[in-house]
Amino acid sequence: MDLGIRGKWAIVCASSKGLGRGCAEALAAEGVNLVMNARTPGPLEAAAEAIRTAHGVEVIAVAADITTETGRAEVLAACPAPDILVTNAGGPPPGMWHEWSRDDFIRAIDANMLTPIALMQATMPKMIERGWGRIVNITSVSVKAPIPVLGLSNAARAGLTGFVAGVARQVAKDGVIINNLLPGIHDTDRAKALDENAAKASGQSVAEVRRAREASIPAGRYGTPEEFGAICAFLCSAHVGFVVGQNILVDGGAANISI
Ligand code: NAP
């Protein structure tokens with residue numbers, strides 16, 4: 001299937017590795033030019049170069065913290081009017097309900113709620129003017145099935161989900177399609193860090209924790225950034241004009257939610 005997005009420009013935030021990288025790769029494979037972003041310049045440049053070589057698209061790499069106003073300004077300066085926006089940032093740390101301070105909540109809300117909202121507000125006017133835009137927010141399975149140790153993430157992502165539910169329905173008639181993609185456990189550094197945290201807390205080995213988590217997923221394994229990226233690219237395609245404001249689970253069936 002031709003996704004109908006060849007030659008368009010996408011900003012893919014937090015994309016030097018993991019799920020963001022999977023989305024960048026899949027869009028590039030469809031002929032989409034990219035602004036890629038992450039904080040650490042070396043791995044970001046390496047990822048950008050690998051994508052240029054593999055797919056022959058233009059890639060601009062912007063090393064910046066997307067959760068800061070200056071970081072967002074640098075990314076937007078590289079591409080002020082993208083056709084496609086994929087929002088993403090690192091997830092908040094795990095912990096217990098009594099450990100989190102007001103500052104911890106503000107940091108999580110800044111990174112995982114207010115940052116994607118600011119990026120949407122900055123890019124949507126031009127999308128509306130053109131009558132075409134696609135936005136995918138990478139959130140989490142925790143939106144539908146909150147994860148106890150990820151209270152900061154649960155809280156911030158719930159706020160973003162509420163905002164998107166409204167705005168997606170306000171701009172759909174202008175050709176701007178916004179959806180959220182909700183990863184369950186995927187084989188990235190983030191998942192490895194959470195496995196290590198669970199191993200420390202339970203006294204099990206990291207391998208034991210991983211086996212138990214894999215067994216809890218009906219698909220019997222962690223997801224991959226490649227398959228996650230392919231779904232993201234489809235949600236950025238010409239074919240999703242009637243898919244509006246959805247929260248799409250990509251979790252191997254782990255959250256047993258029938259509606
Ligand atoms: P990852 O493998 O750790 O990759 C994170 C990527 O984001 C890296 O490229 C990192 O590069 C970049 N990044 C992190 N913070 C950034 C910032 N402030 N500004 C710009 N770039 C930043 O993580 P992942 O597994 O892909 O997770 C991506 C998102 O999905 C997170 O919010 C995570 O909570 C959520 N999620 C993941 C899973 C999972 O199983 N993997 C499940 C549910 C939800 P630098 O460090 O160089 O900045």
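Both counts, for ligands and for their atoms, begin at 1 and track the order of listing.
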_For Phe228 and His186, I'd like to know if the aromatic rings sit close, meaning centre-to-centre distance below 6.0 Å._
yes

Examine the proximity of ligand 1 to [X] and report which part, side chain or backbone, both or neither, has a heavy atom under 4.0 Å away.
X      : result
Arg157 : side chain
Ala64  : backbone
Pro183 : both

*asked:* Would Ala38 count as being in polar contact with ligand 1, using the rule that some N or O on each side must be under 3.5 angstrom apart?
replied: no

*asked:* Check for me whether Leu194 has a heavy atom closer than 4.0 Å to any atom of ligand 1.
replied: no

*Answer yes or no: is there an ion pair linking Arg52 with Glu49, defined by an N-O contact shorter than 4.0 Å?*
yes

*Do NZ/NE/NH1/NH2 and the carboxylate oxygens of Arg210 and Asp187 come within less than 4.0 Å?*
yes

Solution key, residues 247-254 side-chain donor-acceptor pairs under 3.5 Å, sequence neighbours excluded:
residue, atom, partner, partner atom, Å
Asn247, OD1, Asn180, ND2, 2.8
Asp251, OD1, Gly253, N, 3.0
Asp251, OD2, Ala254, N, 3.3
Asp251, OD2, Ala255, N, 2.7

*Look at atom 1 (P) of ligand 1 and find which of Arg190, Arg213, His186 reaches it with the closest heavy atom.*
Arg190

*So between Gly184, Gly22, Gly91, whose heavy atom ends up nearest atom 42 (C) of ligand 1?*
Gly184

*Check ligand 1 against Ser16 and write out every atom of the ligand that is under 4.0 Å from a heavy-atom position of the residue.*
8 (C), 9 (O), 11 (O)

_Residue pair Thr67 / Asp110, side-chain donor-acceptor N/O under 3.5 Å_ = no

*Just jot down the side chain to side chain contact (heavy atoms under 4.5 Å, CB included) partners of Asp189, sequence neighbours excluded, or say none.*
Lys17, Lys192

